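See structure below.
Remember, predicted model here, so these are calculated numbers, not experimental data. Numbering of residues begins at 1 and proceeds along the displayed sequence.
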Amino acid sequence: MFRKNPIVKGTLLLTITGLISRIIGFLYRIFLSNLIGAKGMGIFQLIFPVLSFCIALSCGGIQIAVSRFVAESKSKSQCYLVFISSIIMSLFLSGITCACLFYFAEPVSAYIIKNTDCAQLLKYASIVIPLSTVHSCISGYYLGLKKTFVPAWSSVFEQIVKLTSLYIMGMVWIGNDITITPLIAVYSMIISEALGVVFCLIAITSEKRYAFKIRDVFSTMKRMFSVSYILTLNKIMLTFLQCIEALLVPIVLVKSGMTSSDALSIYGILTGMALPVITFPSAINNSVSTMILPTIAKANTSDNSSGVKRTTELSIRFSMITGIFCIGLFIFYGDFIGTEIFGHAQAGEYIQILAWLCPFMYLSTTLGSILHGLGKTTAAFIHNAIGTIIRLGFLWFMVPQIGITGYLWGLLISNLVVTALHAIHISKFVDYYFSPLENIIKPTAWLLCSLAVGELIRFIFSFSTFSGKIFNLFSAGVCAISICAVFAYFLIRNLREMK
């Protein structure tokens, strides 16, 4: 079944490599938080809204367009032409964006981010923009062909380089008594992105190249632009709203009565520790979403309604199973992760609250990819914009009254609304069936069974004379593995039923 189903085969590879990347990235964040502290993490996280906005300007819709056009192409030469055209478009846009961010880094940090410490970080981070666009185009090309090796392993390679470079620089700076600032994280990001592009370029040079005429490139660019400009505008507008949202968090925390330093620390704990933990298992759903976009696009253009329906139902089941299991995992072990691993009790508290996000966050990502595959990009943008506006409302009106908890409630409600809007809109075009028994009741029952096994193991370990942080890590790890084993068994069993 796995060999015959390209979605499952590609998803398994992307999931395995995605989980490896997340684990390495998790270790990276732990090491980085120990190097620069919670406040340093907060300052580092402040540059990402602006950086994401600039990347959206450069290639916001190009990767999706590349994947879609390659999937719809009828020959390898057309696929290669789409790839070359996307590279030319994205490099031109990213070069302009990179230069603008480098030149205007100081006013952006002073008047938009409201933190002058970010100026130098933005200047160096601007180098990432053209590198990221090239990487996106190459990944989109391979995903459109349903070849997941390069996109999958390039991300693993990047994370290895990022962690290794951070460790080496950290040891060198400590050894030479150099003050460690968030700039060290930017350096490691540039190095990893550059070598990631080299990895992708080595792979793409092994592909067969085809001759083409200049007018064919311009013709293809025109066709791609007719689709990508809508995606890019949607991405820019959505990223702009998310940029405002991210930059407002420390500002409204100060309005709630915190000092600027405490606000940055809370922001760093939330965005640099708690949210990455919650999104860690989304490697599975991101893999599904990545694979279903070209699959649904191709099935949709071929009027294969049964294929679209089957893919949709399989994707929804993936997301629901993953989300429900993660609720239990993070509620039971969130405090341990925050206290023992990150060394911040608040991180554990946020993880436990955000655990309820998992099914809606993962499902909204999957349903969003289905909408893009169906060509309903405007609907996906409107739904995501509504979700962002809801979070902005909670951020502006609730956080000054009840603190960061108001923002966490906004995250939960906005994801619930976006998921509902996506599902309702898809049901107008795809006659899929949502089974409460298969998607909710059975995963919940299996979750309770796995938690019972985990708690039994923990109870048995409690009679041991061993103690300490290492033993706590070991016992918690064994419990988590038992839960993940049950989860994996249940997931594979459902995949076989979908044959």
Side-chain angles (χ1 to χ4, degrees), residues 32 36-62 89-134 136 179-191 193-194 229 232-256 258-268 270-272 385 388-389 391-392 395-396 399-400 407:
L32 180 61
I36 63 178
K39 183 180 178 181
M41 286 290 287
I43 293 172
F44 176 57
Q45 291 296 133
L46 281 174
I47 71 170
F48 280 98
V50 175
L51 189 62
S52 298
F53 181 73
C54 291
I55 292 174
L57 283 173
S58 304
C59 64
I62 289 179
M89 288 173 62
S90 60
L91 280 179
F92 175 74
L93 293 172
S94 62
I96 296 173
T97 309
C98 173
C100 289
L101 181 59
F102 184 87
Y103 184 78
F104 294 106
E106 292 184 3
V108 166
S109 62
Y111 300 110
I112 297 178
I113 299 179
K114 304 290 185 181
N115 191 311
T116 54
D117 292 335
C118 294
Q120 192 178 21
L121 302 184
L122 283 176
K123 283 189 175 182
Y124 285 100
S126 64
I127 301 171
V128 171
I129 298 171
L131 297 173
S132 179
T133 56
V134 172
S136 294
T179 303
I180 297 179
T181 67
L183 194 60
I184 193 172
V186 177
Y187 289 154
S188 66
M189 187 168 63
I190 295 169
I191 293 170
E193 197 70 48
Y229 91 91
T232 301
L233 285 176
N234 289 348
K235 185 71 173 178
I236 289 170
M237 293 173 69
L238 185 61
T239 307
F240 178 71
L241 289 173
Q242 292 170 344
C243 181
I244 294 173
E245 174 192 352
L247 295 176
L248 273 179
V249 174
I251 295 173
V252 294
L253 285 175
V254 172
K255 288 181 65 177
S256 70
M258 291 185 182
T259 63
S260 178
S261 178
D262 288 342
L264 281 174
S265 295
I266 293 295
Y267 183 69
L270 177 63
T271 60
T388 306
I389 292 169
R391 292 195 298 273
L392 286 172
L395 189 60
W396 188 255
V399 173
Y407 181 58

Distance check, rounded to the nearest 0.5 Å: [X] atom [atom1] versus [Y] atom [atom2]?
X: L32; Y: S188; atom1: CG; atom2: OG; answer: 7.0 Å
X: I47; Y: S52; atom1: CD1; atom2: OG; answer: 9.5 Å
X: T259; Y: L253; atom1: OG1; atom2: CG; answer: 10.5 Å
X: L101; Y: F53; atom1: CG; atom2: CZ; answer: 11.0 Å
X: I55; Y: S136; atom1: CD1; atom2: OG; answer: 7.5 Å
X: C54; Y: I96; atom1: SG; atom2: CD1; answer: 12.5 Å

Donor-acceptor list for residues 118-131 side chains, cut-off 3.5 Å, not counting sequence neighbours:
from : atom 1 : to   : atom 2 : distance (Å)
S126 : OG     : K123 : O      : 2.6

Note to self: Evaluate L51 against M189 for side chain to side chain contact (heavy atoms under 4.5 Å, CB included), listing each step before the verdict.
What the structure shows: CA-CA 12 Å; L51 189 62; M189 187 168 63; 4.1 Å; yes
Work out which heavy atom in [X] is nearest to a heavy atom in [Y]; give both atom names and the distance.
X: L395; Y: Y407; answer: CD1-CD1, 3.6 Å
X: M41; Y: I36; answer: N-CD1, 3.7 Å
X: A263; Y: P250; answer: CB-O, 3.6 Å

Margin query: Are the side chains of K39 and F44 in contact, using a 4.5 Å heavy-atom criterion?
Written below: no
Notebook entry, point to check: Side chains of I43 and Y267: closer than 4.5 Å at any heavy-atom pair?
Noted result: no
Note to self: For D262 and S265, which I'm curious about, is there any donor-acceptor pair between the side chains at under 3.5 Å?
What the structure shows: no
